[in-house]
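For reference, the structure discussed in these notes is given below.
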Amino acid sequence: MNLKIAVLSGDGIGPEVTLQAKKALHAIGVVFNHEFVFEDAYIGAIAIEKTGKPLPDQTLNLCRNTDCILFGAIGDPIYDNNPNAKIRPEQGLLKLRQELGLFANIRPIKAYPILMNSSPIKKEVLEGTDFIVYRELNGGMYFGQKTTNEAATYASDLCEYHETEIEKITHLAFQAAQTRKKKVTLVDKANVLETSRLWRRVVSKVAQEYSDVALHFLYVDNAAMQIILNPRQFDVLLTDNLFGDILSDEASVISGSKGLMASASIGEKVSLFEPIHGCYTEAKDKNSANPVASILSAAMLLEHFGLIEEAKKIVAAVEAAFINQVVTVDLKVDSRFGTNEVGDFIANHIMDAEDLYFKKDFVQIGRSTIV
Ligand code: IPM
Ligand code: MN
């Protein structure tokens, strides 16, 4: 398969972790005989610095004319500490989501047996956890009308949804449930919010087309508690933009590190694949950030194009890294391995199933290295 992949590595640790995902994809290309062509473009704070805009026209054009997007991270503390900043790096990602109609953000949550001790949650609670968050990504409070008064003493963010927006993601969530444990849990605040009551009506209607899937409802405050108390009960968790943002970060505690959490943002035509962690500027250029979330996002990219064996190969290589304890410091405080070594191990494992290039005390740069 030939795939044109736009690479928007962005800010902070974005470039270094995305490089590792490229290495993994390159290795997959070699082993399975696919041609992946990467094209880089600016987004976020680096784009503001270079062009004055968080999403330059050139980047948007590239994204419109590509098969898919591999995304890194955006953000910079300079903007976070200035509430009056008119231009912010995050606007680049939000605009991209809107322009490309990236309506469903899919975030798998898994407790890896080998990493159970990395999570602050008890092993007995974690065991067997495997669910997936379907977060609506184009609507809700993120994109509703925003107002502030001149004196900056008042502000509002409107939360709006249209039934068609809800229907689209709901179909995807039910289709996913059909291939899994056949359970969708709609998370909302229907005891208070009108938009949540709309979600319940629309989702209940769509559910009738999927008689083999059970639909459950849960208020978001209770869901926040249940995710920690009994995460095994979930299969597909369907929710709106803001609730999904918050709950998926919370759920990342289950796997032991936010540095493991991949995501896919499904669009009308082009889809985007990104780790859920942010720019983590403190770790920038320190070779310490965990590249696994980015590498697993690349696996989701392959899966999206039906390259299932290829995606499995990446996942297997990631699991081999866990088993061999080739992990970054977020998973093992005294680890000697950094972003690059973990990336090299995974890419080499993809290339050579039996770890030809890896000896426990000596990680060597192998064939898969992109120079
Ligand atoms: C995410 C991020 C973004 C969001 C930010 C960077 C705008 O937190 O993808 O979860 O809030 O959606
Ligand atoms: Mn978030």
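Remember, it's 1-based here, ligands and their atoms both numbered in the order they're listed.
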Worksheet item: How would you list, by chain and number, the residues with a heavy atom under 4.0 angstrom from ligand 1?
Response: E90, R97, R107, R135, Y142, D245
Worksheet item: How about T129 and R232: does a side-chain donor come under 3.5 Å of a side-chain acceptor?
Response: no
Listed pairs under 3.5 Å, donor-acceptor, residues 31-44 side chains, sequence neighbours left out:
unit_1	atom_1	unit_2	atom_2	d
H34	ND1	M1	N	2.8
H34	NE2	E310	OE2	2.6

Worksheet item: If we ignore angles and hydrogens, is there a donor and acceptor under 3.5 Å between the side chains of K23 and Q20?
Response: yes
Item to complete: Run through the protein N/O/S atoms less than 2.8 Å from the Mn ion (ligand 2) and write them out by chain and number.
Response: D245 OD1
Item to complete: Test the R135-Y142 pair against the cation-pi criterion, namely NZ or CZ under 6.0 angstrom from the six-membered ring centroid and within 45° of the ring axis.
Response: yes
Worksheet item: Does the ring center of F322 lie less than 6.0 Å from the ring center of Y112?
Response: yes
Worksheet entry | Members sharing F243's hydrophobic cluster (side chains within less than 4.5 Å) | I109, M116, I121, V125, L126, F131, V133, V187, V192, L193, L218, V220, I227, I228, F234, L237, L247, V253, I254, M261, I276
Practice prompt. Give a yes or no on whether E127 atom CD has more than 12 heavy-atom contacts from other residues, nucleotides or ligands under 6.0 Å away.
Written response: yes
Practice prompt. Using distance alone, with no hydrogens and no angle criterion, decide if N287 and E341 have a side-chain donor and acceptor under 3.5 Å apart.
Written response: yes
Worksheet item: Distance only, no hydrogens: is a donor on one side chain within 3.5 Å (strictly under) of an acceptor on the other, for Y79 and E90?
Response: no
